[in-house]
Amino acid sequence: DAGITQSPRHKVTETGTPVTLRCHQTENHRYMYWYRQDPGHGLRLIHYSYGVKDTDKGEVSDGYSVSRSKTEDFLLTLESATSSQTSVYFCAITQDFSGANVLTFGAGSRLTVL
Amino acid sequence: DQQVKQNSPSLSVQEGRISILNCDYTNSMFDYFLWYKKYPAEGPTFLISISSIKDKNEDGRFTVFLNKSAKHLSLHIVPSQPGDSAVYFCAASEGSGGSNYKLTFGKGTLLTVNP
């Protein structure tokens, strides 16, 4: 167990409202990631962080922002949610596996934008 | 442009037989490859990986084969069990660590193992 907690696990919101998803980890991992999973697209990287206040964009970053003010929390914000952002969002951290890194994922946050 | 491709959306096999899941990639800078398994309503879980310096890696019933010249990898599950029924994602990265470490995933293949 990598100690990753995502909240909320489920959220229904309306178009145009702001939404923040939280990823919390308890094991002091440096790298954290936000992915979204959609049918027909697999998992796509939104943003990632390589330290406190150090973040970078992934392949589908438009419409999303992130913040990491402390090691344990990585927040994903949708400033003005749109229906195209209806998805399942996964947070991940890197863990060592036999000398190489693997991503370990949280349980996901299902977001529905009406 | 999709850099990691899983061209079979689904695969159905009988219990006890071999399951072969395929994955192709286009980015020649990819040198580390992973397979993940995902059950409904759960996060993906790491299954097995392979570095580009190898052409085979085995872990119990799971074996991954890498053909660098063809930019192709495959996951073999022998023998297949009903509990293996899940979506399998192929993933790749440039390097296996550091600040540039991020995975590019395929669309996934739904494996169904019939009793």
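Keep in mind that what you see is a predicted model, and the values were worked out from it rather than measured. In what follows, every chain begins at residue 1, and chains take the letters A, B, ... in the order their sequences are listed. Basis for what follows: all heavy atoms, side chains included, without hydrogens, waters or symmetry-related copies.
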Minimal non-hydrogen separation, A:V102 against B:Y101, with atom names: CA-OH, 3.7 Å
Membership question, hydrophobic clusters at under 4.5 Å side-chain separation (ILVMFWY): are B:V4 and A:I46 in the same one? no
For A:D54, the side chain to side chain contact (heavy atoms under 4.5 Å, CB included) test, sequence neighbours excluded, returns A:Y50
Nearest 0.5 Å, please: how far is CG in B:L103 from OH in A:Y33? 7.5 Å
Determine whether A:Y35 and B:V87 fall in the same hydrophobic cluster, where Ile, Leu, Val, Met, Phe, Trp and Tyr are linked whenever their side-chain heavy atoms lie under 4.5 Å apart. yes
Roughly how far, to the nearest 0.5 Å, is the CG atom of A:L43 from the CZ atom of B:F89? 4.5 Å
Heavy atoms only, distances under 4.5 angstrom: which of A:Q37, A:E59, A:R9 has the most pairs with chain B? Name it, please. A:Q37
Is there a chain of hydrophobic side chains (I, L, V, M, F, W, Y, each step under 4.5 Å between heavy atoms) that links A:L76 to A:I93? yes
Please tabulate, for side-chain N and O atoms in residues 34-49 of chain B, each donor-acceptor pair with protein atoms closer than 3.5 Å (sequence neighbours left out).
from: B:Y36; atom 1: OH; to: A:L103; atom 2: N; distance (Å): 2.9
from: B:Y36; atom 1: OH; to: A:L103; atom 2: O; distance (Å): 2.6
from: B:K37; atom 1: NZ; to: B:Y39; atom 2: OH; distance (Å): 3.2
from: B:K38; atom 1: NZ; to: B:E42; atom 2: O; distance (Å): 3.0
from: B:Y39; atom 1: OH; to: B:G83; atom 2: O; distance (Å): 2.6
from: B:T45; atom 1: OG1; to: B:K37; atom 2: O; distance (Å): 3.1
from: B:S49; atom 1: OG; to: B:Y32; atom 2: OH; distance (Å): 3.4

What part of A:R44 lies closer than 4.5 angstrom to a heavy atom of chain B: side chain, backbone, both or neither? neither
State whether the side chain of A:Y48 and the backbone N or O of B:K102 hold a donor-acceptor pair below 3.5 Å, judged by distance alone. no
Do A:Y64 and A:L75 sit in one hydrophobic cluster, given that two such residues count as connected whenever their side-chain heavy atoms are within less than 4.5 Å of each other, even indirectly? no
Can you hop from A:V113 to A:V60 via hydrophobic side chains spaced under 4.5 Å? yes
Is A:Q6 in contact with chain B via its backbone, its side chain, both, or neither, using a 4.5 Å heavy-atom distance? neither
Could you please state which residues from residues 58-77 of chain B sit under 4.5 angstrom from chain A, measuring non-hydrogen atom to non-hydrogen atom, sorted by number, or 'none'? none
So which residues of residues 106-114 of chain B are in contact with chain A at a heavy-atom cut-off of under 4.5 Å? B:G106, B:K107
